[in-house]
Number of protein chains: 4
Amino acid sequence: MTGDAGKLQTTAGKARAEPTLSLAGVFAPLPTPFTEAGEVAFPQLTSNLERWNQQPLAGYVVCGTNGESVLLGAEERVALVRSVRQEAPAERLVIGGSGMESTKATIALTARMAEAGADAALVITPSYYKRSLTAHALENHYRAVADASPIPVLLYSMPACTGIDLPLDTVVALSQHPNVLGIKDSGGSVSKLGSMVLRCEEGFQVLAGSADFFLGALCVGAVGAVSALANIAAEKVYALLLRFREGDMDGARRMQHALLEPNACVTSRFGVAGLKAAMDMLGMYGGPVRSPLLPLSPAEREEVRRTLQEAGYL
Amino acid sequence: MTGDAGKLQTTAGKARAEPTLSLAGVFAPLPTPFTEAGEVAFPQLTSNLERWNQQPLAGYVVCGTNGESVLLGAEERVALVRSVRQEAPAERLVIGGSGMESTKATIALTARMAEAGADAALVITPSYYKRSLTAHALENHYRAVADASPIPVLLYSMPACTGIDLPLDTVVALSQHPNVLGIKDSGGSVSKLGSMVLRCEEGFQVLAGSADFFLGALCVGAVGAVSALANIAAEKVYALLLRFREGDMDGARRMQHALLEPNACVTSRFGVAGLKAAMDMLGMYGGPVRSPLLPLSPAEREEVRRTLQEAGYL
Amino acid sequence: MTGDAGKLQTTAGKARAEPTLSLAGVFAPLPTPFTEAGEVAFPQLTSNLERWNQQPLAGYVVCGTNGESVLLGAEERVALVRSVRQEAPAERLVIGGSGMESTKATIALTARMAEAGADAALVITPSYYKRSLTAHALENHYRAVADASPIPVLLYSMPACTGIDLPLDTVVALSQHPNVLGIKDSGGSVSKLGSMVLRCEEGFQVLAGSADFFLGALCVGAVGAVSALANIAAEKVYALLLRFREGDMDGARRMQHALLEPNACVTSRFGVAGLKAAMDMLGMYGGPVRSPLLPLSPAEREEVRRTLQEAGYL
Amino acid sequence: MTGDAGKLQTTAGKARAEPTLSLAGVFAPLPTPFTEAGEVAFPQLTSNLERWNQQPLAGYVVCGTNGESVLLGAEERVALVRSVRQEAPAERLVIGGSGMESTKATIALTARMAEAGADAALVITPSYYKRSLTAHALENHYRAVADASPIPVLLYSMPACTGIDLPLDTVVALSQHPNVLGIKDSGGSVSKLGSMVLRCEEGFQVLAGSADFFLGALCVGAVGAVSALANIAAEKVYALLLRFREGDMDGARRMQHALLEPNACVTSRFGVAGLKAAMDMLGMYGGPVRSPLLPLSPAEREEVRRTLQEAGYL
C-alpha cells in the first residue's frame with residue numbers, strides 16, 4: 001500500500017509546462033542512522049526503508065530536522081538522498097533537505113541532490129544573521145534558489161529551531177514563482193496555514209510540519225504532513241488523513257487525540273533522541289544521535305517506553 | 001435566533017451538585033463604548049446590545065481584552081457587567097472579565113461581578129512578576145479564585161498581551177476543580193487545545209480565543225469561540241460552527257477562509273481601535289479608545305473599510 | 001549620614017524655571033510590608049524606615065516593582081506615599097510609582113501622589129496591548145502624563161516584567177520635555193544607557209534599575225541607582241558609588257563583584273519574596289508577599305541565608 | 001605599535017603546564033573580502049591586513065560573525081586562517097572561528113585551523129536544536145572540543161544570532177577546563193560578565209563581544225574586546241582601553257560615548273554589509289557580502305557615510 005503523492009499527477013494551479021508534483025499524503029522525515037562510531041549507517045538505513053516502504057507514506061524527507069541535517073556534511077547529505085532514492089519505490093517522492101545559511105551553498109547542494117535523484121528540495125530559512133534577514137532578504141534568497149534549482153522547491157519554516165517564522169506575505173509572494181511547489185510549516189499556527197491556502201497562488205501546496213496539528217491543518221486546506229511520528233506510526237497518521245477525507249470528523253478527532261502523546265514524545269519533549277529511542281524499541285534501527293545532541297537518560301527512555309505502551313505501539 | 005449556550009443545560013463531566021453551564025456557541029467579547037470625553041457610554045452600549053441581541057450569540061464577555069479591561073476601573077467594570085446583564089436575554093450567558101494581578105483583588109472583583117449578574121468569570125493569568133509566576137504560582141492563584149468564587153471560573157490564556165502561556169499541565173490540573181468550567185485560550189495552538197480536550201477532566205470546556213483558528217479548534221474538541229469578529233459578523237462566525245456541526249467541512253473551510261482577513265483587521269493588525277472603527281462603519285457605536293491606545297490613522301481606517309468591503313460586510 | 005540627592009540642587013540641563021531635582025545617589029525601592037492578614041502594615045513600615053533613614057540613601061521609591069505596586073489598590077498606594085513622606089527626612093526624595101495601564105488613571109494617581117507629598121513620579125511603561133504600544137503610542141502616553149503632572153516624571157523601563165523595552169529614540173525624544181526628569185532603566189544594557197546619556201537633553205538623569213550593573217552604568221554616565229539590594233545593604237551599594245567617584249576603580253570593582261550574589265538573591269533569583277525573607281533575617285520586617293507571589297520554600301530560604309552569610313551580611 | 005596580547009605571556013590562573021595566552025587588548029573580527037564573483041578575495045585581504053597590522057590590535061578573529069563564517073565552506077575557513085597567520089606579525093594572536101553545529105565537525109575544523117596556524121579557537125554555541133541544547137548538552141559539547149583541541153578554546157555566546165545565551169553556570173563550570181582560555185560574550189550584560197569574572201577559575205579571560213559595552217565590561221574585569229568597529233577605528237577602541245587603564249574615567253567615558261553611533265552603524269543597525277560599506281568609504285576593501293545578506297541601499301549607505309563623518313572618521 002502506498003500513499004497519495006506521485007510524480008506525474010497534475011494538480012490545479014499555476015501555469016507550468018510540466019505536471020506538478022502532488023504533495024498529498026503523509027511524509028516521513030527520515031532520521032539518519034549512525035553507527036556507534038558515528039558514521040552514517042547505510043545498511044541500517046536500508047533495513048529501515050524496507051519497513052517504511054511497506055507503510056502508507058507518500059514519500060520521504062531526507063536531511064530534514066529529524067535527519068540531523070545540520071550535523072551532517074554535504075557529502076553525507078547527498079549520499080543519503082542517493083541511497084533513499086535507490087531503495088524507495090519509484091512512485092514515492094524523495095525530498096532532499098538542501099537548505100544552508102548561504103544562498104550559493106544552498107543552490108549547489110540542491111543541484112547535487114537533484115542529480116542524486118531528489119524529486120524536490122526542502123529549503124529551510126537561513127537564520128544566523130537574524131537582524132539582517134528581513135522579509136526582503138528571505139524572499140531574495142528563495143527566489144535565487146528557485147531560479148537555479150532543477151527540481152521544485154519547498155519552503156520550510158521551523159521557528160522553534162531557527163528563531164525565524166517565514167512571514168505570511170513572503171510566502172504569498174513566493175507562491176507565484178513557478179518553481180516553488182509549496183511549504184512545510186512547523187510553526188503550528190493554523191491561522192497562518194489557512195491564510196496561506198487562501199492567499200497563495202492556486203496549486204501552492206501546504207504541508208503541516210508535525211502531526212500534532214495535522215487535523216487542524218487539513219481543515220484549512222493543507223494537503224498533507226511531514227511527521228516525525230510517521231517514522232514509527234505511519235498508518236496511524238495516515239488513518240487520520242483518511243478519516244478526514246471520508247468526512248468522518250469524529251473518527252479523525254479520535255485519531256488526532258491518540259497521536260498527541262506519542263507525537264510529543266518523539267518531537268517537542270525528547271527530540272531526535274526520543275525518536276531514535278522509540279525506533280529501537282519498535283524493532284527498527286534508531287541508534288545514537290550525533291553530539292551535541294545527547295542520548296536519552298534511562299528515566300527518559302522509560303518515559304518513551306511507557307508512552308508507546310499506552311498508545312498501543314508496543 | 002439565539003446561540004447555543006444556556007444556563008441550565010447539563011453537560012457530561014465532573015460530578016457537580018448543579019447543572020453545568022454550557023459554553024457551546026459563539027461569544028462576543030464586547031468592546032466598551034466611551035464618549036468623546038472618555039466616560040463609559042452606557043446608552044450607546046444599550047443600542048449596540050439591541051443589535052447583538054438579534055445575532056446568533058451564546059453570550060457576552062464583558063471586560064475582556066476587547067473591552068479594554070485594563071484601562072477601566074473596578075467600578076466601571078462592575079457597572080458594565082450589570083448593564084449588559086440587564087439588557088441581555090436571560091438565556092444568554094454574561095461572562096465577566098474579573099482577572100487582576102492580585103489574587104485578592106481578583107476574588108473581590110469576581111464576587112462583585114457575580115452580584116451584578118455575571119454567570120461566570122473569565123480570569124486572565126496574572127503576568128507582571130513573570131519570573132515568579134511559575135506553574136505552581138499560577139495554579140495556586142486559580143485555585144484560590146475558584147475556591148472563593150460564587151460563579152464558575154474560566155481560565156484565560158492570552159500570551160500576546162501577557163507574555164504568559166498558561167502551561168498545559170496546569171490547565172489539566174485545574175480542570176479537576178469543580179468550579180473551573182473551562183478555558184478561553186487565545187494562543188492559537190490547536191495542538192495545545194487538542195491536548196487539553198484529551199487530558200482535562202470530562203466536562204471541561206475549551207473556547208478558541210479568536211476566530212482565525214476556530215475551525216481547527218472545533219476539530220480537536222473546542223465547543224465554541226470568543227471572537228472579536230463576532231461583534232460585527234456574528235452570523236458568519238456562527239455559520240462556520242453550524243457547517244462544522246453538520247459535517248459540511250467544505251463549507252466550514254470556506255467560512256473559515258472568508259473570516260481570516262476581516263478577523264485580522266479587528267484583532268492582530270489594528271486591535272481594539274480597528275474593531276471600533278469597523279463598528280462605526282457598520283452603523284454601530286464604536287467610538288474612541290482609551291489612551292495609551294491610539295485611534296486609527298486615516299490610512300489605517302481606509303484599510304479597514306476596504307477589508308470590510310471585500311468581505312462583503314459593507 | 002545621607003545620600004546625595006536633594007530637592008533644591010540645580011543640575012546643568014534643559015532650561016527650566018525652577019531648580020531641578022538631583023537624582024544622584026542610591027535609592028531604595030521599598031517593599032510594602034503586609035500583616036499576616038494581608039493588610040498594609042504601617043507600623044512595620046515605620047520601623048523599617050527608622051532603619052533606612054540611617055542609611056546613606058538619596059531617597060525612596062514607593063510602589064515600584066519591589067513595592068508590589070500591581071498588587072496594591074490606588075488608595076493603598078497613595079497612603080504608602082503619604083506615610084513614607086511623613087517619616088522620611090525632608091531632604092530625601094520620595095518617588096511615587098504611579099504608572100497604570102491607562103493614561104488617564106496614571107495622571108490621576110500621579111496627582112494624588114503629588115498631593116500626598118511625592119517629589120517625583122516613576123511611571124512604568126504600559127504593557128498589556130503590546131501590539132498596539134508602538135513607540136508613537138508610548139511617547140504619546142508619557143507626554144500626556146508629563147504635561148499633566150504637578151511633579152517631575154521619571155520614565156521606567158522594566159522589560160523583564162512588562163515585555164516592553166522603552167525604545168532609545170523614544171527616551172531621547174521625551175528627554176526634551178521639561179517635566180521629564182530622567183529614567184530608571186532596569187533592562188541592564190549599558191550600551192543603551194550610554195546612548196541615552198549621549199543623546200538625551202542635557203540634565204536628563206539616568207538611574208540604573210538594579211545594583212548588578214551599577215558600576216557599568218556609572219561609567220557611561222548614570223548618576224545613581226534604584227536598587228532592591230539597597231533595602232538591606234545600602235552602605236555597600238553606596239560604597240560602590242563612592243569608590244567610583246573617588247576614581248578608585250579597583251575598589252569599585254571589588255564592591256561590584258561583592259554585590260552580585262546577594263543582589264541576585266533578592267531580585268532575579270527569588271524576587272520580592274527573597275527580599276522580604278532577607279529583611280526578616282536581618283532584623284527588619286519583611287513579612288509575607290501578596291498572592292499570586294508565593295513565600296519561599298524552606299530550601300530557598302536556606303539559600304538566601306547562606307548567601308547573606310557568605311556576603312557577610314549576617 | 002602593537003596591542004597587548006601575546007603568545008608567551010603568563011597570566012595568573014589555573015595550573016597549566018605552559019604559559020597562557022593573554023587576551024588583553026582589542027581584537028578585530030575580520031570581515032571576509034569577496035570578489036564581485038563571490039570568491040574569497042585573498043589579495044584584498046592582504047592589503048587590508050597591511051593596514052590592520054599598523055593598528056594597535058592584539059590580534060585577529062578570523063571566521064567569526066563578521067567574517068560571514070556560516071556563509072563559508074570549511075576549506076575557505078582554513079585558508080583564511082592560514083592567510084591571516086602568514087601576514088600577521090608573529091606576536092599577534094590569530095583566533096580561528098571553528099564552531100559548527102556538530103561537535104565532531106567542530107573538532108575537525110579546530111584541528112585544521114590549528115594546523116593552519118591559529119593560536120586559539122573561537123567556538124560559538126551550537127544552536128539549531130534549541131530545545132535539546134540544555135546546559136548539560138552545551139557543557140558536554142565544549143568539553144569534547146576542548147579535550148580534543150590542540151589549541152586553547154574560547155567560548156562564544158552570541159544570542160542575537162543564535163538565540164542561545166550560554167548560561168553563567170555553564171561558563172563557570174567550563175572555566176575549570178585547562179584548555180578553555182576564556183569567552184567572547186556578545187550578549188551585552190555586564191552583570192553576567194561581572195559574575196563570570198567573579199566566579200570563574202582565575203585566569204579565565206573575558207572579552208566583550210562588541211565595543212558598545214566595552215567600558216562597562218572593563219570595569220567588571222573584562223580584559224579586552226572583540227570589536228567589529230576595530231576594523232575601521234582600532235585606535236579609538238584602543239584609546240578607550242588606555243584611558244581606562246590609566247584611571248582616566250572621564251576620558252574613557254568620552255571615548256565610549258564617541259564610539260556608540262559608529263559602532264551601531266557597523267553592527268546592530270546595518271550588520272556586516274554596513275561594516276563593509278564603511279571600509280569601502282575609508283579606503284579599505286569592503287566589497288560585497290554573500291547572499292542571503294543584502295548590500296546596503298543607497299539611503300542606508302548615505303546614513304553610514306553621515307555617521308562616519310559625524311564621528312570624524314571621514
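Note that these values count all heavy atoms, side chains included, but never hydrogens, waters or copies made by symmetry. Order of the sequence lines sets the chain letters (A, B, ...), proteins ahead of strands, with each chain counted from 1.
Only the side chain of Ile124(B) comes within contact range of chain C, with at least one heavy atom under 4.5 Å from a heavy atom of that chain. Looking at Ser69(C), the atoms closer than 4.5 Å to chain B (heavy atoms on both sides) all sit in the backbone: N, CA, C or O. Contacts of Met100(B) with chain C are absent, with no heavy-atom separation under 4.5 Å from either backbone or side chain.
The greatest number of non-hydrogen atom pairs below 4.5 Å with chain C, out of Ala74(B), Gly38(B), Ala160(B), is found for Ala160(B).
By a heavy-atom distance cut of under 4.5 Å, Ser268(C), Val272(C) are the residues of residues 267-277 of chain C near chain B, going up by number.
Contact record, Leu293(B) with Ser132(C): CD2-CB, 3.7 Å, taken as the closest heavy-atom pair. Across Ala137(B) and Pro292(C), no two heavy atoms sit closer than the pair CB-O, 3.6 Å.
Going from atom NZ of Lys130(C) over to atom OG1 of Thr162(B) covers 6.5 Å, rounded to the nearest 0.5 Å.
A donor-acceptor pair is defined here as one N or O able to donate and one able to accept, closer than 3.5 Å; such a pair exists between the side chain of Tyr129(C) and the backbone of Thr65(B).
Listed by first and then second residue, the side-chain hydrogen bond (donor to acceptor under 3.5 Å, both in side chains) pairs that reach into residues 95-113 of chain C are Glu39(B)-Lys104(C), Ser291(B)-Thr103(C), Glu75(C)-Arg112(C), Ser98(C)-Thr110(C), Glu101(C)-Ser127(C), Thr103(C)-His141(C), sequence neighbours excluded.
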